[in-house]
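Report on the following structure.
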Amino acid sequence: MQLRPEIQITAIIKAMKDVVIPAVDADNKLATEQAHLIVGLLNLMAHQLPRLFRFDRDELQRLLGCASELTSLQSPDPAIATAVQQLAASQYMASNVLARCTTDPAELTDAVRDMRQAAGALMTAAAISTDSAALARVEQAVLELSREQLLR
């Protein structure tokens with residue numbers, strides 16, 4: 001099972017183009033048009049998906065800026081005073097969240113890919129080496145990782 005949405009979307013687009021659209025009755029213009037719209041929307045989603053985290057982080061940062069202005073509001077109205085206090089509490093929590101959101105998801109994905117490549121290079125080196133103890137250790141570690149990944 002693949003959890004990466006960019007891979008899932010690519011697979012869906014391929015299935016739509018290779019299987020679904022050719023199976024749609026060519027005389028059914030509405031169905032054909034809708035199928036092509038679905039492919040177009042999926043392409044757009046695939047393009048926008050990597051930007052979603054940065055978009056949310058930017059929005060939160062802008063909301064925090066607005067909250068900084070609004071929490072200085074002083075009013076004799078108890079409802080407004082209560083709402084300002086609630087906003088200040090939300091601002092504090094959101095600031096903590098934003099502070100923890102410094103790593104871009106693309107960096108995380110790149111690190112995963114880099115680790116896979118480096119581990120693969122070690123596996124290849126151990127497989128062609130005459131060091132049987134190193135090969136056995138690499139095999140054991142890879143089998144354990146595989147078990148964990150399958151369970152995950």
Gln48 (side chain) donor-acceptor with Met45 (main chain) under 3.5 angstrom: no
Side-chain (Arg54) to main-chain (Asp104) donor-acceptor, under 3.5 angstrom: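 No, Arg54 side chain to Asp104 backbone: no donor-acceptor pair under 3.5 Å.
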Lys/Arg-Asp/Glu bridge criterion (N-O < 4.0 Å) met for Arg147, Glu144: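 Yes.
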Ionic contact status for Asp58 with Arg62, cut-off 4.0 Å: yes
Look up atom [atom1] in [X] and atom [atom2] in [Y], then write down how far apart they are to the nearest 0.5 Å.
| X | Y | atom1 | atom2 | value |
| --- | --- | --- | --- | --- |
| Asn28 | Glu33 | CG | CD | 10.5 Å |
| Leu63 | Leu98 | CG | CG | 10.5 Å |
| Phe55 | Glu59 | CZ | CD | 5.5 Å |
| Ile80 | Leu70 | CD1 | CG | 11.0 Å |
| Lys17 | His36 | NZ | NE2 | 9.5 Å |
| Asp110 | Gln117 | CG | CD | 10.5 Å |

Restricting to non-hydrogen atoms, name the atom on [X] and the atom on [Y] that form the minimum distance, rounded to 0.1 Å.
| X | Y | value |
| --- | --- | --- |
| Ala81 | Ser75 | CB-O, 4.2 Å |
| Met16 | Pro22 | O-CD, 4.0 Å |
| Ala46 | Ile9 | CB-CG2, 3.8 Å |

Pairwise side-chain contact, Leu64 with Ser95, heavy-atom cut-off 4.5 Å (strictly under):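 Contact flag for Leu64/Ser95 side chains = yes.
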Side chain proximity check, Glu6 to Pro50, heavy atoms < 4.5 angstrom: no
[X] with [Y], same ILVMFWY side-chain cluster at under 4.5 Å:
| X | Y | result |
| --- | --- | --- |
| Ile38 | Leu49 | yes |
| Val20 | Val39 | yes |
| Leu108 | Phe53 | no |

Residue Glu148 excluded, over 12 heavy atoms near CD under 6.0 Å: yes
Crowding at CD, Gln149 (>12 non-hydrogen neighbours, <6.0 Å): yes
Nonpolar side-chain network containing Val142, other nodes, edges under 4.5 Å: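 Traced through the cluster, Val142 reaches Leu122, Met123, Val138.
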Steps toward side chain to side chain contact (heavy atoms under 4.5 Å, CB included) verdict (Val112, Arg4): CA-CA 12 Å; Val112 167; Arg4 297 206 183 274; 3.8 Å; yes
Verdict with reasoning, Leu60 to Asp56, per side chain to side chain contact (heavy atoms under 4.5 Å, CB included): CA-CA 6 Å; Leu60 183 56; Asp56 288 340; over 6 Å; no
